Amino acid sequence: MVEDGTKILSNVIASQISIHTKFGGVVPEVASRAHLEAVSPVIRQAMSDAGADWKDIAAVAVSYGPGLAGSLLVGVSAAKAVAFSAGLPLVGINHMEGHIYANWLSGEIPDFPLICLTVSGGHTDLMLMTGHGKYKMLGSTRDDAVGEAFDKVARLLDLGYPGGPAIDREAQKGKPIIDLPQAVLSEPYDFSFSGVKTHIYRMCEKDLPASVPDICASFQCSVVDTLVKKTVMAARQYKAKTIILSGGVAANSALRETIVNESPVRVVMPPRGLCTDNAAMVASAGYFRFKAGNVSSMDLDVMPNLKLCC
Ligand code: KG4
Ligand code: ZN
């Protein structure tokens, strides 16, 4: 539960990581069943943690895409039930917009125009944001999302799931001693991470040329370097007042440190715990959409491939 889009009153997370770890990744059917079991207790807990009553609530926000259809259906159905029975407006939110609005929960308010780097398990997007809900896509990945590359490299190195935090931890014990390829693309703000991933795959077929911490540090350093260079270049070109980070990979310690060191403008980022999926970020995005007069109908349907902008 969030007040004024910026203050968290409660943020309950029912993590499925221990369930998915057993399978080495997310199995859609397992995920939606786990959502179904968790949704009612989580709503009750969120109300009780905030000490709130239904009459204190202005609107119910819910993520309706992108994502796994089964899990989205559980959330959207529960939100409709709550909104209908409490007589509240329903506000459908793009999950990626939720990640972006985690920045408004950081204690700092980003200034527009801003450059947003979204880095998650399914997305690597560089966007110009000129106001609330106003996005222009500057570039995105042509193949793997950056979080996906972290997860795949971690699997190659037997570091388990989710791979991002494991690589982050290992990299802190190593040095970036291996030169890895960086993609050169015709579109300056597009990304490609399959080359570096394949390079590491080939290395793992033979005797490892370095220790696991050194390989992790080299991979992370190469990826972070690309992400930061392009973000800084966009901030300069579009005269941005702020750079913001969003998505699970925004929790990466090297990315957080390097962007602050290299940025010509103020950097705002969500606290680590709000980078990965959570409800407060969706509530914050919901606040700003609701304030702008955007309310969804009770026909709101899930959109597994929902896009944020053109
Ligand atoms: O945004 P998110 O929680 O889920 C979606 O994809 O929507 O992002 C999850 C991704 C995973 O690929 C995970 O490995 C990565 O974020 N991640 C990290 C770190 N923490 C999570 N990647 C690098 N460093 C981290 N510290
Ligand atoms: Zn997410």
Side-chain angles (χ1 to χ4, degrees), residues 11 13-17 20-21 24-26 28 31 35 61-69 71-72 75 93-103 105 116-125 140-141 143-157 159-174 191 193 196-197 213 215-228 244-259 269-285 302-308:
N11 188 25
I13 295 178
S15 173
Q16 299 182 13
I17 286 186
H20 299 318
T21 302
V26 179
H35 273 69
V62 65
S63 165
Y64 67 106
L68 295 171
S71 300
L72 292 167
I93 292 298
N94 180 310
H95 178 79
M96 302 319 293
E97 183 166 67
H99 275 297
I100 291 170
Y101 274 85
N103 284 282
L105 298 169
C116 174
L117 174 69
T118 297
V119 275
S120 75
H123 290 78
T124 308
D125 296 331
S140 59
T141 183
D143 38 59
D144 289 353
V146 67
E148 192 183 352
F150 268 92
D151 292 338
K152 285 179 179 166
V153 168
R155 195 177 298 180
L156 285 171
L157 297 171
L159 294 175
Y161 171 88
I167 291 194
D168 198 348
R169 271 194 307 276
E170 288 295 314
Q172 284 169 33
K173 298 181 255 163
F191 301 92
F193 298 107
V196 62
K197 180 198 66 188
I215 296 175
C216 289
S218 307
F219 166 72
Q220 184 172 275
C221 180
S222 157
V223 168
V224 165
D225 188 54
T226 305
L227 293 171
V228 170
I244 64 172
L245 300 182
S246 85
V249 184
N252 184 268
S253 43
L255 175 59
R256 296 172 79 88
E257 197 184 316
T258 315
I259 194 96
M269 45 195 159
R272 272 200 145 93
L274 293 180
C275 290
T276 39
D277 293 350
N278 66 86
M281 68 187 200
V282 177
S284 172
V302 302
M303 295 185 70
N305 298 314
L306 185 64
K307 300 269 180 288
L308 191 53

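Computed from a prediction, not measured in an experiment: that's the story for all the values here. Remember, it's 1-based here, ligands and their atoms both numbered in the order they're listed.
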Any idea which part of Asn252 is under 4.0 Å from ligand 1, heavy-atom wise: side chain, backbone, both or neither?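 The answer is both, backbone and side chain.
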
Could you check [atom] against the protein and tell me its nearest heavy-atom contact, residue, atom and distance included?
| atom | answer |
| --- | --- |
| atom 14 (O) of ligand 1 | Asp151 OD1, 2.7 Å |
| atom 9 (C) of ligand 1 | Gly121 N, 3.9 Å |
| atom 15 (C) of ligand 1 | Val249 CG2, 3.9 Å |
| atom 4 (O) of ligand 1 | Asp277 OD1, 3.5 Å |

On a heavy-atom basis, I'd like to know which of Ala149, Gly248, Gly164 is closest to atom 21 (C) of ligand 1.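 Comparing heavy atoms across Ala149, Gly248, Gly164, the nearest one to atom 21 (C) of ligand 1 lies in Gly248.
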
Only heavy atoms of [X], strictly under 4.0 Å: list the atoms of ligand 1 that pass.
| X | result |
| --- | --- |
| Asp168 | 24 (N), 25 (C), 26 (N) |
| Gly147 | 12 (O) |
| Gly122 | 6 (O) |
| Thr276 | 3 (O) |

Polar contacts were defined as any N/O atom of the residue lying under 3.5 Å from an N/O atom of the ligand; does this apply to [X] and ligand 1?
| X | answer |
| --- | --- |
| Ser253 | no |
| Glu148 | no |
| Gly247 | no |
| Cys275 | no |

State whether the side chain of Asp151 and the backbone N or O of Gly163 hold a donor-acceptor pair below 3.5 Å, judged by distance alone.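 Between the backbone of Gly163 and the side chain of Asp151 there is a qualifying donor-acceptor contact (under 3.5 Å).
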
Just by modelled atom types, is the Ala280 backbone N or O under 3.5 Å from a matching donor or acceptor in the Asn11 side chain?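 Yes.
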
Quick check: of its N, O or S atoms, which one does Asp277 have closest to the Zn ion (ligand 2)?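 Nearest N/O/S atom of Asp277: OD1.
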
Spacing of CD belonging to Gln220 relative to CD belonging to Gln172, to within rounding of 0.5 Å: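 Spacing of CD (Gln220) from CD (Gln172) equals 7.5 Å.
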
First locate atom CD of Glu170, then atom CG of Leu157, and finally report the distance between them rounded to the nearest 0.5 Å.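 Spacing of CD (Glu170) from CG (Leu157) equals 8.5 Å.
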
Do [X] and [Y] come close enough that some side-chain heavy atom pair is under 4.5 Å?
| X | Y | answer |
| --- | --- | --- |
| Leu255 | Val228 | yes |
| Cys216 | Leu159 | yes |
| Val119 | Leu245 | no |
| His123 | Ser140 | no |
| Arg272 | Ser253 | yes |

So is His95 touching ligand 1 or not, going by heavy atoms under 4.0 Å?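 The answer is yes: ligand 1 sits under 4.0 Å from a heavy atom of His95.
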
Over 60° means perpendicular and under 30° means parallel, so tell me whether His95 and His99 are parallel, tilted or perpendicular.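 Ring orientation of His95 relative to His99: perpendicular.
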
